[in-house]
Amino acid sequence: MRNSLSLAVFFLIFSFLFLCPGLWAVPFPDVPGTHWAQEAVNQLAAKGLLEGYPSSDFRGDRAASRYELAMLVARVVAKVESLPAPDLSSLATKADLDAIQALLAEYRKELDALGVRVDNVESKIESLTTRVEELERVRPYGAFEVRGISAGFQGPAVSNNQANPAVNLPAYDLVTGRPTPNGSVVSTKGLLGVSARLGKDLTAGTELAAFSMVGSNPVGYYWGVTPPYFSNPFNDYLAGSNLKAFLERFWIQHDPSKTVGVAGAYYPRFTESFAFYGPPNPTAYGPETLPLFGGSLSGKVKLWTLPTSNFELMSGKLPEASPYGTLVPLSAYLDGEIFGGTIRLNYLRVLNEPGNLPTGLVTIPVGTAPVSGLSTGAVGINWVIPGTATAQPIGPQSENVYGLSASFKLPFEITGTGEIAQSQYWPTGVGANVAGSLGRVQLERVFKGNFETRASLEYLTVSPTYDPFVLEISNIDTVTGVWPAPLSTHYSRGYFRGFYQVHDSIKYPDNRQGFRTRVDFTSKKGNTLGLFYDGLTQQSSSTPGNLAGLGFTEVYFPQLTGGEDSKGQIRYYGGNFGWSPLERLTVSGAYQIYRLERPSAMAANNIVLDSQVLQLLATHRASPKVSFFGGYTAVDVRGAWATLGENVNLRQNIPLVGIAYDLTSKSAVSLTARQYNQTDSTATNWNFTGQQVTAEYRLTF
């Protein structure tokens, strides 16, 4: 054993025993960032269990002789013995106390040589350990969220009781693609969970979810709190205004391997989005998808000679509104390190459950106009069943998806990733089927310097028959008199076409091939700048023959006429930034341009449409608890759709202001007000103005 010991070690060992009041210490400025004790110092100081010298320094770089150490230890032990029975249960964890016991045992001989007895101290630590173990054995946790919205819009197109939805449409937020109906609502969601240690390596828990919505259901389901599984609009829409509570999930975890089993509502943990992404969430504030309901098992496993691998097995029911229930009977994921990289395997089986229902009860989506007010050139998913002349209803559907992805370190510090996948689809469960494929390769390099630069280039190809399995969205719109929103921007996940696909149709859009690139800059002060460009082309053109093919999926470019066979092109480019010009002021923004092109001398085939979106947000932190923010969004959509002259000229402006107040580190309130202004130069009946005010409270514990 060495003859000297750092004072940093001394304070790490014995500061837990110094239990007099007022131990909420300031940081230790003289501890070097590279010092081995830095992490321990910060952790103990944050708990108020560690303090330095009177100057607030932690002199960890000066060696202490064993004599100095022994004298200091003797003083600390004497002080602890004179104190009443301490209670560290709210400050120290069992792991902390175990560390103290081990360190006391390590230096017991030196203390005995000085005539210092630590029996009393050890007894107190053992008592504390027992109490902390009991406190940690059963632990409650939860979250509470309430959001109130009031919206009022006026204009020729605005109506909440539409006798003729082809003429009267509600107002829309063109950035999110969601309708903004009139009305007020208060929606509330609470989650209460309890976890318990079942043994040395096992922890289990259960969670109860409650939901209430009072007021306008359509306002709440588009702009309120995302409901729990059993109260979402797919499952419990008409009863949404009633207070209901459900047992949301039960889980058990093997702590060393982080293997988790869940029964109830859950999200995929490892499964990749080209195989399964999930049902789109109608609520604007996220998350992007809704959970499944069933069971999953995921964690780490040791396979043969391979290193530890992640795995996931899941099965569950999907929320959707088609006549048949939809089940994922099995989804499997496995990864492993091999040849210096990582290989990931994915498998998905999804099917409609027919029961005693006849075939053909799912209506094929036939498309919507791309912008409010347009009725020509409808686009959408469309195909025919063999033996019929026109598009026919389908179902019960079934599909298998097989996928492989990999990541490897390449020369010149480049990281290469890629995915390949294959789907096999049966539109009526038996008989004719169609295969589709997907492929993506990406190269990424990070450059270090005065600022970090991350650059990536990828090539994507997705066939028009990849994952044509479609599910209907809950019919919020018809029930409440709100007409489904049309497509207005790029990369819609399909929610407002009334259908969704199983895979991530934004990252992997159907019937597309081409390149994407992105460059991100990050300064040492945290300022950021990102630039991106997507250049995608139809893999197969929208000829009548192609569109009539089994499972052919095309969501933007309508059918060609006159024998033309040209392919549509998509250009999506822009940038985003984050900047802190002052200590308490941050500014962020984004500018995006989305261009659809299929130029033609034939009016019915001609498409040249631009969508531009500008978003700015400034936040000023007036105090540690209070923040003020303001922003501005502008959307401009113009061009020619199925005509040789301009027939689209739509502008929307959305200024906003708000305030946020942090009540505690785990609770906050906010108030946001938005003003909507829309003008349409080609169809003035689509003009509207209005306001939307949102108040929110969040709590976690």
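For residues 181-190, no residue pair satisfies the salt bridge (charged side-chain N to carboxylate O under 4.0 Å, His left out) rule, not counting sequence neighbours. Screening residues 648-663 for side-chain hydrogen bond (donor to acceptor under 3.5 Å, both in side chains), with sequence neighbours left out, gives Arg621-Asp662, Tyr632-Asn653, Asp636-Arg651, Glu646-Asn649, Asn649-Arg651, Gln652-Gln678. Listed by first and then second residue, the salt bridge (charged side-chain N to carboxylate O under 4.0 Å, His left out) pairs involving residues 264-282 are Glu272-Arg344 (not counting sequence neighbours).
Using a 4.5 Å cut-off on side-chain heavy atoms (C-beta onward), Ser195 and Trp251 make contact. Looking at Glu312 and Pro268, their side chains come closer than 4.5 Å, going by heavy atoms from C-beta outward. The closest side-chain heavy-atom distance from Asn310 to Ser298 is not below 4.5 Å. Residues Tyr277 and Lys507 form no side-chain contact, since every pair of their non-hydrogen atoms from C-beta on lies 4.5 Å or further apart. Between Tyr697 and Leu663 there is a side-chain heavy-atom pair separated by less than 4.5 Å. No side-chain heavy atom of Leu616 sits less than 4.5 Å from a side-chain heavy atom of Tyr591.
A ring-centre distance under 6.0 Å is not found for Phe211 and Phe246.
A distance of 9.5 Å separates CG of Leu292 from OH of Tyr267, quoted to the nearest 0.5 Å. One finds the CD atom of Glu248 at 7.5 Å from the CZ atom of Phe230 (value rounded to the nearest 0.5 Å). In this structure, OG on Ser273 lies 8.5 Å from NE2 on His503, to the nearest 0.5 angstrom. Between the CG atom in Leu614 and the OG1 atom in Thr633 there is a gap of 7.5 Å [rounded to 0.5 Å]. Separating the CZ atom in Phe521 from the CZ atom in Phe577 is a distance of 15.5 Å, to the nearest 0.5 Å. Taken from OG in Ser505 to CG in Asp510, the straight-line distance is 6.5 Å, to the nearest 0.5 Å.
Taking both residues in full, the closest heavy atoms of Thr226 and Gly286 are given as OG1-O, 2.6 Å, listed atom of the first, atom of the second, then distance. Of all non-hydrogen atoms in Leu536 and Arg516, the two that sit nearest each other are CD1-NH2, 4.2 Å. Considering every non-hydrogen atom in both Gly530 and Asp520, the closest pair reads CA-OD1, 3.4 Å.
Taking the side chain to side chain donor-acceptor pair (under 3.5 Å) definition, one finds that Glu597 meets it with Arg595, sequence neighbours left out. Every residue meeting the side-chain contact (heavy atoms from CB on, under 4.5 Å) condition with Thr672, not counting sequence neighbours, appears here in chain and number order: Phe629, Leu656, Arg674. Listed by chain and number, the residues in a salt bridge (charged side-chain N to carboxylate O under 4.0 Å, His left out) with Arg584 amount to none (sequence neighbours excluded). Partners of Arg249 under the side chain to side chain donor-acceptor pair (under 3.5 Å) rule, at least two apart in sequence or in another chain, are Glu207. Here Arg512 pairs with Glu554 under the salt bridge (charged side-chain N to carboxylate O under 4.0 Å, His left out) rule; sequence neighbours left out. Remark: Pro581 pairs with Trp579, Leu585, Val587 by the side-chain contact (heavy atoms from CB on, under 4.5 Å) rule, at least two apart or across chains. Among residues two or more places apart in sequence or in another chain, the side chain to side chain donor-acceptor pair (under 3.5 Å) test is passed with Thr415 by Lys409. Every residue two or more places apart in sequence or in another chain that forms a salt bridge (charged side-chain N to carboxylate O under 4.0 Å, His left out) with Arg440 is listed here: Glu419, Glu458. Under the salt bridge (charged side-chain N to carboxylate O under 4.0 Å, His left out) criterion, Lys448 pairs with Glu452, not counting sequence neighbours.
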**Request:** Please assess Phe532 against Tyr572 for the test ring-ring contact (aromatic ring centres under 6.0 Å, His included), listing each intermediate value before the final yes or no.
**Result:** CA-CA 8 Å; Phe532 65 89; Tyr572 180 51; 5.0 Å; yes

**Request:** Start with the C-alpha gap between Asp610 and Arg638, add the side-chain angles, then the distance that decides, and say whether salt bridge (Lys or Arg N to Asp or Glu O under 4.0 Å) holds.
**Result:** CA-CA 6 Å; Asp610 285 313; Arg638 65 176 63 189; over 6 Å; no

**Message:** Please evaluate residues Ile570 and Leu596 with respect to the criterion side-chain contact (heavy atoms from CB on, under 4.5 Å), reporting the C-alpha separation (whole Å), side-chain torsions for both, the decisive distance (0.1 Å), and the verdict.
**Reply:** CA-CA 5 Å; Ile570 295 174; Leu596 280 169; 3.7 Å; yes

**Request:** Run the numbers on Leu617 and Gln615 for side-chain contact (heavy atoms from CB on, under 4.5 Å), then give the verdict.
**Result:** CA-CA 7 Å; Leu617 179 68; Gln615 294 176 290; over 6 Å; no

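Within 6.0 Å of OH on Tyr141 lie more than 12 heavy atoms contributed by other residues, nucleotides or ligands. Environment of NZ in Lys625: crowded, with over 12 heavy atoms of neighbouring residues, nucleotides or ligands closer than 6.0 Å. Applying the 6.0 Å contact sphere to CZ of Phe451 captures no more than 12 heavy atoms from other residues, nucleotides or ligands.
Put simply, the side chain of Thr517 gets close to the backbone of Ser456: a donor and an acceptor are under 3.5 Å apart. Here the side chain of Asn450 pairs no donor or acceptor atom with the backbone of Ser523 at under 3.5 angstrom. For the pair Thr664 (side chain) and Lys666 (backbone), a donor-acceptor distance under 3.5 Å is present. Between the side chain of Thr528 and the main chain of Gly578, a donor-acceptor pair closer than 3.5 Å is present.
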